[in-house]
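Throughout, a chain's letter reflects where its sequence line sits, starting with A, and its residues are numbered from 1.
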2 protein chains.
Amino acid sequence: MCLVRGVQLTPIRQQVLVLIWDSHKAVKAYDLLDRIKPQQNAAKPATIYRALDFLIEQGLIHRAGSLNAFIGCSCSDHQHELLLLICKHCNEVEERATPDVMQALSQEFNQAGFTAHSKAIEAHGICGKCSDFHSIS
Amino acid sequence: MCLVRGVQLTPIRQQVLVLIWDSHKAVKAYDLLDRIKPQQNAAKPATIYRALDFLIEQGLIHRAGSLNAFIGCSCSDHQHELLLLICKHCNEVEERATPDVMQALSQEFNQAGFTAHSKAIEAHGICGKCSDFHSIS
DNA sequence: TCAATAAATGTTATATTATAACATTACATT
DNA sequence: AATGTAATGTTATAATATAACATTTATTGA
Ligand SMILES: [Zn+2]
Ligand SMILES: [Zn+2]
Ligand SMILES: [Zn+2]
Ligand SMILES: [Zn+2]
């Protein structure tokens, strides 16, 4: 994908991406810094934040503003809207496509005369797995 | 409102609330700290963050996660869902009620088996006023 | 090819945002 | 007055993020 776009997925960027994609939970920048140290001994905060900026730019990850953390994008092959379901119990984050919601949103923007460049929905609650577990036990 | 709920809108809390409500832009915690100093000479970060926590708890303000900033609630008399339209040009933030969007969202949650405790939508773009201005000039 | 240019990274320092921990004060209840 | 609770004061530090400038690496195009 990066090849096609003519951008460089350098080792640092790839390592950060893999660390984020390996986790189903949102990951903090400084955790990434700690975890990348074995491979990138010279890594500093700027190293991470630059990689994060690049990956966000390319739509490969998202920033979860309510958590100050980052989550891998599950459908990075196309530009898309964002709905994150954040579980308070297991901390996992599920990303979903949401055509219906986004269409309703677009109408709202029209009414408001607002031109949206990005829209992000972050919901906090309890995921299916966790509520199943609770009702069983 | 606070009386009815049996919670205290102390001077510090009220001053923070007024500072936030006076602005149509999202306000940063440390700006609040600077601006409350004349009235509350002893104010420290904890002073502000405690007031912010209280005001959020009471639904009087919202945190805009994508900005790490805070915005007054325009309909604080009831619990409600959140849609913030954040203008990149003038930095003003408009809050809108969004029954349609939120209903579509609820369906999405049902499908996902997710129990939402809070849902926040933050859209970045250009507000009506600013795009009018641009098209005129 | 090889200098010129642009992109990425290294490095140091600092800015910004937020919380922890414990002490003190204010005020209501018994 | 003794007790308990909520709010605030105070000091320190943790956590998140960027600025600024130097160096290295990749790309371009004469
Ligand atoms: Zn995505
Ligand atoms: Zn869960
Ligand atoms: Zn509101
Ligand atoms: Zn505007």
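Nucleotide C/dT9 holds its C1' atom 10 Å from the CD atom of A/Q40, rounded to whole Å. When the C1' atom of C/dT9 is taken as reference, atom CD of A/Q15 falls 13 Å away, rounded to whole Å. Straight-line distance from the CZ atom of B/R13 to the P atom of D/dA6: 11 Å, rounded to whole Å. As a whole-Å value, the separation of A/L52 CG from D/dA15 P is 18 Å. Regarding B/I12, its CD1 atom lies at a distance of 15 Å from the P atom of C/dT25, rounded to whole Å. Whole-Å rounding puts the A/I48 CD1 to D/dT18 C1' distance at 15 Å. Taking atom CZ of residue A/R5 and atom P of nucleotide C/dA7, one finds them 17 Å apart after rounding to whole Å. Whole-Å rounding puts the A/L33 CG to C/dT9 P distance at 15 Å.
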Side-chain atoms of residues 38-51 of chain B: list all donor-acceptor pairs with protein atoms under 3.5 Å, sequence neighbours left out, distances to 0.1 Å.
residue : atom : partner : partner atom : Å
B/Q40   : NE2  : B/Q15   : OE1          : 3.3
B/K44   : NZ   : B/A42   : O            : 3.2
B/T47   : OG1  : B/K44   : N            : 2.8
B/T47   : OG1  : B/K44   : O            : 3.1

What are the atom names and distances for every N/O pair under 3.5 Å that joins the protein to nucleotides 17-23 of chain C?
residue : atom : partner : partner atom : Å
C/dT17  : OP1  : B/K28   : NZ           : 2.6
C/dA18  : OP1  : B/R63   : NH2          : 3.0
C/dA18  : OP2  : B/Y49   : OH           : 2.9
C/dA18  : O5'  : B/Y49   : OH           : 3.4
C/dA18  : N7   : B/Y30   : OH           : 2.6
C/dA18  : N6   : B/Y30   : OH           : 3.2
C/dA21  : N6   : B/R50   : NH2          : 3.3

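With distances taken from any side-chain atom of B/Q8 to the nucleotides D/dT10, D/dA7, C/dT11, the minimum falls on D/dA7.
Atom CZ of B/F54 sits about 7.0 Å away from atom CG of B/L60, to the nearest 0.5 Å. Between the CZ atom of B/R63 and the OG atom of A/S66 there is a distance of 7.5 Å, given to the nearest 0.5 Å. Note that CG of B/L17 is 10.0 Å distant from CG of B/L52, once rounded to the nearest 0.5 Å. Atom CG of A/L55 and atom CZ of A/R13 lie 8.0 Å apart (nearest 0.5 Å). Between the NE2 atom of A/H62 and the CG atom of A/L83 there is a distance of 10.5 Å, given to the nearest 0.5 Å.
By the 6.0 Å contact criterion, NE2 on A/H124 is enclosed, its count of non-hydrogen atoms from other residues, nucleotides or ligands being greater than 12.
Using a 4.0 Å cut-off between charged side-chain N and carboxylate O, B/K129 and B/E92 make a salt bridge.
Five base pairs at each end of the helix from C/dT1-D/dA30 to C/dT30-D/dA1 define two local axes, and these are offset by 30° (rounded to 10°).
Counting only heavy atoms from C-beta outward, the side chains of B/T98 and B/L105 never approach each other to under 4.5 Å.
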